Amino acid sequence: MIQPVSPAPAAEAADVVRAAHHQIGNSLQSIASLLRMESQLAPPAAAAVLTEAGRRVRTVMRLHQRLQESGVAVRLDDLLGDVCRDVAELDAFDRHADIRVNVAPLWASAKVASALAMITAEWLGNALEHGLSDGPGAVEVTLESTDAGARLIVADSGRGVADGEWTSGFGLNLVASLAKQLGARVHRTADGRGASWELLLGESSLGRFAP
């Protein structure tokens, strides 16, 4: 015999899920705040590591917030705008950078949005730390649709570095891993006028940019 399901248990379950998500958000915020406090008290080398860790936690927090608002898909201009503001705010050296964000109002699944947010944060942080290490400059973050899928570009106007001077650390290795998960290609160019990172995503890795 099939018994009718009361709406009460479903409503209670929804309340539990909302409460859990709220607690997760608060926990991420607390961790990010603690890392920032520790970075302000630590010696320079340790402060840089703590700042990077805090930036990554903030990126996850922003993704969680946007998923809470929109469900299974995330609007990328909102998410990446938040991420860029966080990276600028957490810049340990408070560099004078003109950060321009040109992100199309595209939608992505949680998996794709998560990867794009992390990649954007790593490249923007890298541009501030290395590209503009000698003085003020500009960094432009662009996400646009293409005939083949989409393209993410982070370019700075700093001095640039020759390939021989460039070494890959944890952040850029993380980018390579995320790009591989998405089936995306990464290109880098650098000269005396600055450096540019480009991520090319195909339709097969993107799926549908829709809410």
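What you see is a predicted model; the values in this text were computed from it and never measured.
Side chains of C84 and T120 form a contact here, defined as non-hydrogen atoms less than 4.5 Å apart. With contacts defined as side-chain heavy-atom distances shorter than 4.5 Å, the pair L76/L143 qualifies. Using a 4.5 Å cut-off on side-chain heavy atoms (C-beta onward), R75 and P105 make contact.
Within the model, atoms CG of L79 and CG of L106 stand 12.0 Å from one another, a figure rounded to the nearest 0.5 Å. A distance of 10.5 Å separates CG of L124 from CG of D86, quoted to the nearest 0.5 Å. With rounding to the nearest 0.5 angstrom, the CG atom of N173 is 10.5 Å from the CD atom of E122. One finds the CH2 atom of W123 at 13.0 Å from the CE atom of M118 (value rounded to the nearest 0.5 Å). Considering CG of L201 and CG of L152, their distance stands at 7.5 Å, rounded to 0.5 Å. S114 OG to Q181 CD: the interatomic distance, rounded to the nearest 0.5 Å, is 8.5 Å.
Under the rule for a side-chain hydrogen bond (donor to acceptor under 3.5 Å, both in side chains), the partners of D98 that lie at least two apart in sequence or sit in another chain are R100. With sequence neighbours left out, the side-chain contact (heavy atoms from CB on, under 4.5 Å) criterion links A46 to A42, P43. Applying the side-chain contact (heavy atoms from CB on, under 4.5 Å) rule to R85 yields the partners D82; only residues at least two apart in sequence or on another chain are considered. By the side-chain hydrogen bond (donor to acceptor under 3.5 Å, both in side chains) test, E198 is found to be paired with no residue, residues two or more places apart in sequence or in another chain being considered. Scanning for side-chain hydrogen bond (donor to acceptor under 3.5 Å, both in side chains) contacts around E144 gives R151, with sequence neighbours left out. Taking A115 as the reference, L178, L182 meet the side-chain contact (heavy atoms from CB on, under 4.5 Å) condition, with sequence neighbours excluded.
The main-chain N or O of A138 is found under 3.5 Å from a side-chain atom of S157 such that the two form a donor-acceptor pair.
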task = Evaluate the side-chain contact (heavy atoms from CB on, under 4.5 Å) criterion for residues H187 and L200: first the C-alpha distance (whole Å), next the side-chain angles of each, then the deciding distance (0.1 Å), finally the verdict.
result = CA-CA 8 Å; H187 296 291; L200 300 173; 3.6 Å; yes
side-chain contact (heavy atoms from CB on, under 4.5 Å) between L199 and L116, intermediate numbers included = CA-CA 9 Å; L199 181 80; L116 289 176; 3.6 Å; yes
side-chain contact (heavy atoms from CB on, under 4.5 Å) between W197 and T189, intermediate numbers included = CA-CA 7 Å; W197 288 93; T189 58; over 6 Å; no
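With hydrophobic clusters built from ILVMFWY side chains whose heavy atoms lie under 4.5 angstrom apart, I153 does not share a cluster with V139. Cluster membership check: L174 shares its hydrophobic cluster with L172, using side-chain heavy-atom separations under 4.5 Å among Ile, Leu, Val, Met, Phe, Trp and Tyr.
Residues A113 and A108 approach most closely at N-CB, 4.1 Å, considering heavy atoms.
Of the options T142, L80, D77, a side-chain contact (heavy atoms from CB on, under 4.5 Å) to N102 is made by T142 and by none of the others.
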